[in-house]
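Lettering of chains follows the sequences in order, A, B, ..., and the numbering in each one begins at 1. Heavy atoms only: backbone and side chains are in, while hydrogens, waters and symmetry mates are out.
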Amino acid sequence: MPELPEVETTRRGILPFVEGFVVEDLVVRNRSLRLPVPTTLKRCLRGRQVVALKRRAKYLLFEFEHGHLLVHLGMSGSLCLVEAKQTLRKHDHIDLCLSSGKVLRYHDPRRFGLWLWTDQPVEEHALLRHLGPEPLGPDFDGELLFQKSRKRKVAVKSFLMDGKIVVGIGNIYAAEALFAARIRPTRAAGRVSRLEYQRLAEHSKRILAESIDQGGTTLKDFVGGDGSPGYFAQELAVYGREGESCGVCAGILKGKVIGQRASCFCPNCQK
DNA sequence: CCCGATTCCTGTAGGC
DNA sequence: TGCCTACAGGAATCGG
């Protein structure tokens, strides 16, 4: 389940074989992603140089002279650099063939991902324009969370996962950040104090940065650009640990559905 | 505007 | 062994 650290891990992994190289071909075996892969995409990309590979939220942005390729991994997508002769697996939907000699292969069993082209300035694209700040950037802090949350009744966990507030924090990292900040995820966002939001923002930044250092979280099948898994899963304190004992107080971690998402917290440590 | 529910999809796990 | 069901989740969309 790629959240920000997994997308950033992917970006860093594939960067050396993507940036500065020319797209020699695009092979789409299955256009049926969350939105259809445009039939015009090959024409947009072939013969063009990837000027830069950036990230915004959970989107990978392949920058070209006259537009951008937007790639979103959805919840089961991954990108891997492979040799051209590498045999295809089930759900290998797209190949981006590059002048580096490598093929960037897109694998996505659940097909919630996106591959789209835009000629607009990329920040103005409909999918990006209403997004909140990057959690690792200077615009994200406790004061922003505090100000945006006043009078809001939604659970603080759902609030933290809302891309209009701050991007890149999904179910795993929201659970972890709330545990580290000792805030119960069920509380109304508008009733969390300024001080608590300062803790939440700081721990969010720390946890995301540490996960990137570890190559992201591999729960089942996430792999970085070189095909290797991430090692942050062993650092997870609460995610997926319902019924186990808390590493801080040894109490039993409680599971609860919040905003249609499985959640887990420590009733003793998180107030 | 705010919020909860629904939707897309497939692999996996658990019950029987 | 196999069939069936529930569940996992990012984010857009819809209805109240």
(Q) For A/Arg55, is there an ion pair with A/Glu8 - N to carboxylate O distance below 4.0 angstrom? (A) yes
Q: Measure from CZ on A/Phe112 to C1' on B/dT10 and round the result to the nearest Å.
A: 9 Å
Q.
At 4.0 Å (heavy atoms only), tell me whether A/Lys90 reaches a base, stays on the sugar-phosphate, or touches nothing.
A. sugar-phosphate
Q. Within this structure, what is the CZ-to-C1' distance between A/Arg110 and C/dA12, rounded to whole angstrom?
A. 19 Å
Q.
What's the closest nucleotide to the side chain of A/His91 if the choices are C/dA11, B/dG11, B/dC9?
A. B/dG11
Q.
Rounded to whole Å, how long is the line connecting atom NE2 of A/His107 with atom P of B/dT10?
A. 13 Å
Q. In whole Å, what is the span from the CG atom of A/Leu35 to the P atom of C/dT13?
A. 9 Å
Q. What nucleotide among B/dC3, C/dA12, B/dC9 has an atom nearest to a side-chain atom of A/Tyr59?
A. C/dA12
Q | Shortest side-chain distance from A/Gln260, nucleotide among C/dG10, C/dA8, B/dT6 | A | B/dT6
Q: Could you check which of B/dG11, C/dG10, B/dC3 has an atom nearest any side-chain atom of A/Pro109?
A: B/dG11
Q.
Which heavy atom of A/Gly132 sits nearest to which heavy atom of A/Val167, and what is that distance?
A. O-CG1, 3.5 Å
Q | Donor + acceptor pair across side chains of A/Ser263, A/Lys157 (<3.5 Å) | A | yes
**Q.** Atom-to-atom span, CD1 of A/Ile169 to C1' of C/dG10 - whole angstrom
**A.** 14 Å
Q. Are OP1 or OP2 of C/dA11 and a side-chain N or O of A/Lys58 less than 4.0 angstrom apart?
A. yes
Q: Starting at atom CD of A/Glu6, determine the distance to atom P of C/dG10, rounded to an integer number of angstrom.
A: 10 Å
**Q.** Distance in angstrom units between A/Met161 CE and C/dA11 C1', rounded
**A.** 10 Å
Q: Assess whether atom NZ of A/Lys271 is packed by more than 12 heavy atoms of other residues, nucleotides or ligands within 6.0 Å.
A: yes
Q. Any idea how A/Tyr106 and A/His93 line up, ring-wise: parallel (<30°), tilted (30 to 60°), or perpendicular (>60°)?
A. tilted
Q.
Between the opening five pairs and the closing five pairs of the helix from B/dC2-C/dG16 to B/dC16-C/dG2, how far apart are the helix axes, to 10°?
A. 50°
Q: Write out all pairs satisfying salt bridge (Lys or Arg N to Asp or Glu O under 4.0 Å) with one or both partners inside residues 23-40 of chain A, taking only residues at least two apart or from two chains.
A: A/Asp25-A/Lys42, A/Asp25-A/Arg46, A/Arg29-A/Asp95
Q.
Does the plane of the ring in A/Trp115 sit parallel, tilted or perpendicular to the ring in A/Phe62? Use 30° and 60° as the thresholds.
A. parallel
Q: Respond yes when some side-chain nitrogen or oxygen of A/His72 is under 4.0 Å from OP1 or OP2 of C/dG10, and no when none is.
A: no
Q) How many Å lie between CZ on A/Arg34 and P on B/dT6, as a whole number? A) 20 Å
(Q) Here's a test of your reading of the structure: between A/Val154 and A/Ser32, which maps to the more 5' nucleotide of DNA chain B? (A) A/Val154
Q | Nearest-neighbour nucleotide for the A/Tyr239 side chain, C/dG10, C/dA8, B/dT10 considered | A | C/dA8
Q) Heavy atoms under 4.0 Å, any strand shown: does A/Arg261 hit a base, just sugar-phosphate, or nothing? A) base
Q: Scan side-chain atoms only and decide if A/Ser211 and A/Gln214 contain a donor-acceptor pair under the 3.5 Å cut-off.
A: no
